[in-house]
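In what follows, a single structure is set out as structure tokens and then discussed.
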Protein chains: 2
Amino acid sequence: MPAPTSIRLPARSSAAVEDYLERILELINTKGYARVVDIAQSLKISQASVTNMVQRLDAEGLLKYEKYRGLALTTAGEALARNITRRHQLLTDFLKLLGLDDDVIYHDVEGMEHHISPPTVRAIEALTEQLQRHPALLVKVRKDIDEN
Amino acid sequence: MPAPTSIRLPARSSAAVEDYLERILELINTKGYARVVDIAQSLKISQASVTNMVQRLDAEGLLKYEKYRGLALTTAGEALARNITRRHQLLTDFLKLLGLDDDVIYHDVEGMEHHISPPTVRAIEALTEQLQRHPALLVKVRKDIDEN
DNA sequence: TCAAAAAGTTAGCCATGGCTAAATTAGTTG
DNA sequence: CAACTAATTTAGCCATGGCTAACTTTTTGA
Ligand SMILES: [Mn+2]
Ligand SMILES: [Mn+2]
Ligand SMILES: [Mn+2]
Ligand SMILES: [Mn+2]
């Protein structure tokens with residue numbers, strides 16, 4: 001039996017962790033890499049704060065980080081990143097159907113995305129699909145909104 | 001011109017502040033008052049933490065608190081409480097239409113309610129109303145969910 | 001090649017919002 | 001009305017996640 005070394009608990013990821021992972025994946029997908037300075041600029045957070053979080057994510061096994069060099073998401077980190085990205089995209093698509101402004105959508109999605117559990121994700125997915133198939137109802141919704 | 005005494009800034013209310021105000025209003029509406037011990041039990045938070053927050057809310061002008069005695073929401077505090085209550089109720093009604101379990105709904109609403117801005121509130125209100133008027137689409141949504 | 005600039009890190013600070021333990025006040029009851 | 005109990009407050013602690021300033025490492029370009 002191996003020695004009972006320090007066990008790393010699952011560590012339920014916070015909104016901040018999800019925002020970092022989501023942005024890191026996006027940077028990697030668009031420019032091929034995610035440096036501390038890129039993450040900082042993109043999230044409008046100081047480089048020092050990013051360094052701190054990146055080291056924490058490394059310690060939690062969500063990415064591998066080499067000091068002064070670069071970082072790469074681990075399988076676990078990428079899974080989390082894809083998951084939060086899916087929630088972000090879904091909520092954006094959904095609110096877009098309702099005719100809301102992009103700024104409002106972005107602001108609200110950025111907050112809400114951290115609070116929808118898997119069943120709710122599936123339900124909103126199903127609703128979004130049905131609404132896309134039946135635009136008549138959306139026309140009425142938008143009219144109601146305007147009359148307000 | 002009056003002396004430039006300590007100005008109390010608007011203090012953009014946090015999720016925690018909203019949760020406290022919402023629960024305080026609910027307690028007042030159901031049992032007529034909201035003592036520290038009631039709030040603590042209801043929010044599953046220690047009495048010491050509640051005392052702390054109640055004093056902060058008093059300092060921010062959201063309620064009037066008399067040490068060791070009782071508290072009452074101010075006009076500003078009650079306005080905020082009613083506002084968050086409305087968002088809570090709306091999201092609950094909306095997710096209920098999608099056929100989600102009450103536990104899931106409560107959990108997700110408790111988080112999401114702090115992140116929907118006024119335009120989004122109005123849009124989801126309009127959508128909820130239209131969905132209630134046209135249940136056919138909801139039937140399909142629920143079927144889609146089950147098939148997953 | 002080597003100095004300046006850019007990037008990254010560290011140290012130390014802060015606010016928020018939790019907690020427990022101990023002290024204090026208020027309420028109840030024999 | 002005194003003592004017990006319940007309620008409340010205070011003190012001191014902690015984690016999270018921001019910040020700035022100062023320092024270090026890496027990259028770049030004359
Ligand atoms: Mn976010
Ligand atoms: Mn996002
Ligand atoms: Mn809440
Ligand atoms: Mn609520």
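The model shown is predicted, which means the values in this text are computed figures rather than measured ones.
Comparing atom distances between the B:A48 side chain and each of C:dG8, D:dT10, C:dG18 picks out D:dT10 as nearest. Nearest nucleotide to the B:I45 side chain, out of D:dT9, C:dG18, C:dT9: C:dG18. In this structure, of C:dG18, D:dT10, C:dT9, it is D:dT10 that holds the atom nearest to the side chain of B:K67. Closest approach to the B:T51 side chain among C:dG18, D:dT9, C:dT10 is made by D:dT9 (side chain taken as heavy atoms from C-beta onward). If you check C:dT10, C:dG18, D:dT8 against the side chain of B:A16, the one that comes closest is C:dG18.
Checked by atom type and distance alone, the side chain of B:R23 pairs as donor or acceptor with a backbone atom of B:S42 at under 3.5 Å.
Nearer to the 5' terminus of DNA chain D, by closest-nucleotide assignment, is the contact made by B:E66 (compared with the other of A:N52 and B:E66). Toward the 5′ end of DNA chain D lies the nearest nucleotide of A:V17, the other residue of the pair A:V17 and A:R69 mapping further downstream.
For the pair B:V50 and B:Y20, the minimum side-chain heavy-atom distance is below 4.5 Å. Within the 4.5 Å cutoff, the side chain of A:Q89 has no heavy atoms near those of the A:V109 side chain.
Straight-line distance from the CD atom of B:Q41 to the C1' atom of D:dT8: 14 Å, rounded to whole Å. Distance, B:D19 CG to C:dG18 C1': 13 Å, rounded to whole Å. Atom-to-atom, CZ of B:R35 to C1' of D:dT9 comes out at 13 Å; the value is rounded to the nearest Å. When rounded to the nearest whole Å, the span between OH of B:Y68 and P of C:dG27 equals 12 Å. Straight-line distance from the OH atom of A:Y20 to the C1' atom of D:dT16: 11 Å, rounded to whole Å. In this structure, A:M53 places its CE atom 9 Å from P of D:dT16, rounding to the nearest Å. Following rounding to the nearest Å, A:Y65 (OH) and C:dA7 (P) show an atom-to-atom distance of 13 Å. Following rounding to the nearest Å, A:E18 (CD) and D:dT16 (C1') show an atom-to-atom distance of 15 Å.
Within the structure, a side-chain polar atom (N or O) of B:Q55 is placed less than 4.0 Å from OP1 or OP2 of D:dT10. Contact check, B:S46 against C:dC19: a side-chain N or O comes under 4.0 Å of OP1 or OP2.
Partner A:E18 forms a side chain to side chain contact (heavy atoms under 4.5 Å, CB included) with one of A:N83, A:I84, A:T85 and no other, that one being A:I84. When each of A:I145, A:L137, A:D144 is paired with B:L127, the side chain to side chain contact (heavy atoms under 4.5 Å, CB included) condition holds for A:L137 and for no other.
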